[in-house]
Amino acid sequence: MNSFIESVNFFEGNNPEKLAETYGTPLYVYNEKILRNRMDAVAKVITKYPYTANYSVKANTNIHILKLALEEGNNCDAMSVGEIQMLLKAGFPVERIFFVPNNVSAEEMQFAIEHGIMTSCDSLAQLELYGSLNKGGKVAVRINPGVGAGHHEKVVTGGKKTKFGISEEFIPQIFEIAKKYDLTIAGINQHIGSLFMDPQPYLDAVSNLLRIALQFKDLEFIDFGGGYGIPYHKLDDEAVFPMEDFKKRLEPILDDFVAKYGKAPLFKSEPGRFCVAEGSVILGRVHAVKHNNGKTFAGTDIGMNVLVRPSMYDSWHDIEVIRDGKVVARDNLMEQTVTGNICESGDILAKDRQLPEIKRGNLACVLDTGAYGWSMCSTYNSRPRPAEVLICKDGSVKVIRRRETIEDLMKLF
Ligand SMILES: *Cc1c(COP(=O)(O)O)cnc(C)c1O
């Protein structure tokens with residue numbers, strides 16, 4: 001593909017150079033149509049049985065984006081009191097919020113209890129704490145699916161070694177604690193990992209969780225977790241997540257369970273990345289191009305404080321080059337390393353990447369930044385965090401978060 005932003009008309013007729021001049025760079029730019037399209041797609045993963053897609057808001061907590069999820073019929077998962085508060089502010093009713101924290105204090109748990117928000121306990125210790133705070137209450141437990149689904153791929157066996165969830169061997173203790181505090185175990189949940197393009201490990205984990213679910217009586221819900229991937233190598237024509245094929249293969253697994261369990265509980269999934277990643281790009285200005293030891297560096301204002309994924313996870317983000325408001329065609333590629341403006345040698349967006357020639361003053365447009373982009377921004381090097389704008393369905397541009405200022409940072413002293 002020569003250009004993603006052209007192929008989907010990402011800016012809906014707005015000139016990206018104008019956007020950069022008007023709102024400054026670095027700038028997160030969102031596309032409402034794409035966001036809504038993906039949120040709608042996850043809401044329809046299961047249609048035969050009661051189902052909700054719980055958008056996992058840690059991927060992106062901008063209140064205006066949460067409002068889109070609300071309108072598209074997604075429920076939401078929150079990982080912290082802060083995320084719950086963002087959801088309440090966006091207008092989510094408490095019954096559409098699921099609190100899936102780990103290692104929280106009594107005060108944080110109390111907050112969810114007081115607001116009547118369903119909470120999942122990630123360890124026996126947290127279940128014990130929940131019981132002591134809310135005797136006779138309804139609660140969920142997070143299962144670590146490591147054992148049993150471990151025969152398939154790293155993504156699934158990874159569960160065993162992670163800090164999350166309660167291992168299957170401790171299920172008897174779950175029932176003991178529930179009995180001690182008269183708790184109802186209303187649901188079980190899991191999350192096997194992030195960013196898979198092949199549905200098979202997830203389907204295996206679903207089967208495994210449903211096998212475990214048979215040990216729990218009268219579950220109101222079973223939550224399979226998130227992790228649906230998106231094609232980060234889209235300029236190299238990477239295929240999208242095969243959603244239709246996935247749905248087709250999921251249904252008989254659910255049929256089989258419902259027949260055994262005697263009823264269909266509410267099924268849930270928890271997609272984060274899939275909902276928001278492709279609905280955003282970052283526009284950054286190229287301020288300097290230089291040659292060190294035969295290597296070409298294009299220096300932008302998109303530092304690791306603006307997008308941490310490449311330096312934190314070695315993640316790949318496609319980059320398009322914009323010159324005079326137009327995408328530069330991907331012929332005549334040359335090897336360049338695209339960096340940010342932070343004083344760290346690891347502040348690299350794209351290493352030894354084949355790209356059209358980048359010149360000073362051009363815009364670098366980084367794709368697929370809607371998930372774990374702004375939500376992981378920092379103020380490292382005392383750089384205020386960027387603004388976010390939304391390109392609405394009608395092509396109008398709305399500032400959905402103003403740029404942070406030095407004064408904002410100074411306020412904390
Ligand atoms: C992060 C997270 C998700 C979402 O993962 P994605 O890969 O963004 O879909 C879902 N559930 C839990 C518990 C998580 O921590």
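Indexing begins at 1, ligand by ligand and atom by atom, following the structure's order. Computed from a predicted model, the values in this text were never measured in an experiment. Note that the numbering runs from 1 along the sequence shown for the chain. Any value given below was found using the heavy atoms of this structure, including those in side chains, with hydrogens, waters and symmetry copies removed.
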> Tell me, please, whether Trp316 has Arg353 positioned over its six-membered ring: NZ or CZ under 6.0 Å from the ring centre and within 45 degrees of its axis?
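Output yes; distance and angle both within limits.
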> Check this for me: Asp352, atom CG, are more than 12 non-hydrogen atoms of other residues, nucleotides or ligands nearer than 6.0 Å?
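Check passes, neighbour count above 12.
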> Give, for atom CG of Asn305 and atom OG1 of Thr379, the distance between the pair rounded to the nearest 0.5 Å.
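Those atoms lie 8.0 Å apart.
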> Mind checking whether Pro271 has a heavy atom under 4.0 Å from ligand 1?
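Per 4.0 Å heavy-atom rule, Pro271 contacts ligand 1.
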> Check ligand 1 against Ser194 and write out every atom of the ligand that is under 4.0 Å from a heavy-atom position of the residue.
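Ligand 1 atoms under the 4.0 Å threshold to Ser194: 5 (O), 6 (P), 7 (O).
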> Assess the pair Phe216 and Phe175: is the distance between their ring centroids shorter than 6.0 Å?
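Yes, they do, as the ring centres are separated by less than 6.0 Å.
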> Distance under 6.0 Å and angle within 45° of the ring axis: does Lys268 meet both against Tyr51?
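No, Lys268 does not lie over the aromatic ring of Tyr51.
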> Give a yes/no verdict on whether any heavy atom in Gly227 is under 4.0 Å from an atom of ligand 1.
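The answer is yes: ligand 1 sits under 4.0 Å from a heavy atom of Gly227.
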> Would Lys411 and Asp408 pass as an ion pair if we require N to O under 4.0 Å?
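Yes.
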> Can you list the atoms of ligand 1 that are under 4.0 Å from a heavy atom of Gly272?
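So the answer, numbered in order with elements, is 4 (C), 6 (P), 8 (O), 9 (O).
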> Using distance alone, decide if ligand 1 has a nitrogen or oxygen within less than 3.5 Å of any nitrogen or oxygen in Arg142.
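By distance alone, the answer is no.
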> Could you tell me whether ligand 1 has any atom less than 4.0 Å away from a heavy atom of Tyr372?
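A heavy atom of Tyr372 does come that close to ligand 1.
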> Within this structure, what is the OH-OG distance for the pair Tyr202 and Ser207, rounded to the nearest 0.5 Å?
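It comes to 11.5 Å.
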> Identify whether NZ of Lys or CZ of Arg in Arg38 sits under 6.0 Å from the centre of the six-membered ring of Tyr228 and within 45° of that ring's axis.
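No - Arg38 does not lie over the ring of Tyr228 by the 6.0 Å and 45° rule.
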> Which of the atoms of ligand 1 are close to Arg273, meaning less than 4.0 Å from one of its heavy atoms?
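Answer, ordered by atom number: 6 (P), 8 (O), 9 (O).
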> Taking both backbone and side-chain atoms of Ser56, is any N or O found less than 3.5 Å from an N or O belonging to ligand 1?
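In this structure, Ser56 places no N or O atom under 3.5 Å from an N or O of ligand 1.
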> For atom 5 (O) of ligand 1, what is the closest protein heavy atom, and at what distance to 0.1 Å?
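The closest one turns out to be His191 CE1, 3.3 Å.
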> For atom 1 (C) of ligand 1, what is the nearest protein heavy atom, given as residue, atom name and distance?
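Closest protein heavy atom to atom 1 (C) of ligand 1: Lys58 NZ, 1.2 Å.
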> With atoms numbered from 1 as shown, which atoms in ligand 1 lie under 4.0 angstrom from a non-hydrogen atom of Glu270?
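Counting atoms of ligand 1 from 1, those under 4.0 Å from Glu270 are 3 (C), 4 (C), 9 (O), 10 (C), 11 (N), 12 (C), 13 (C).
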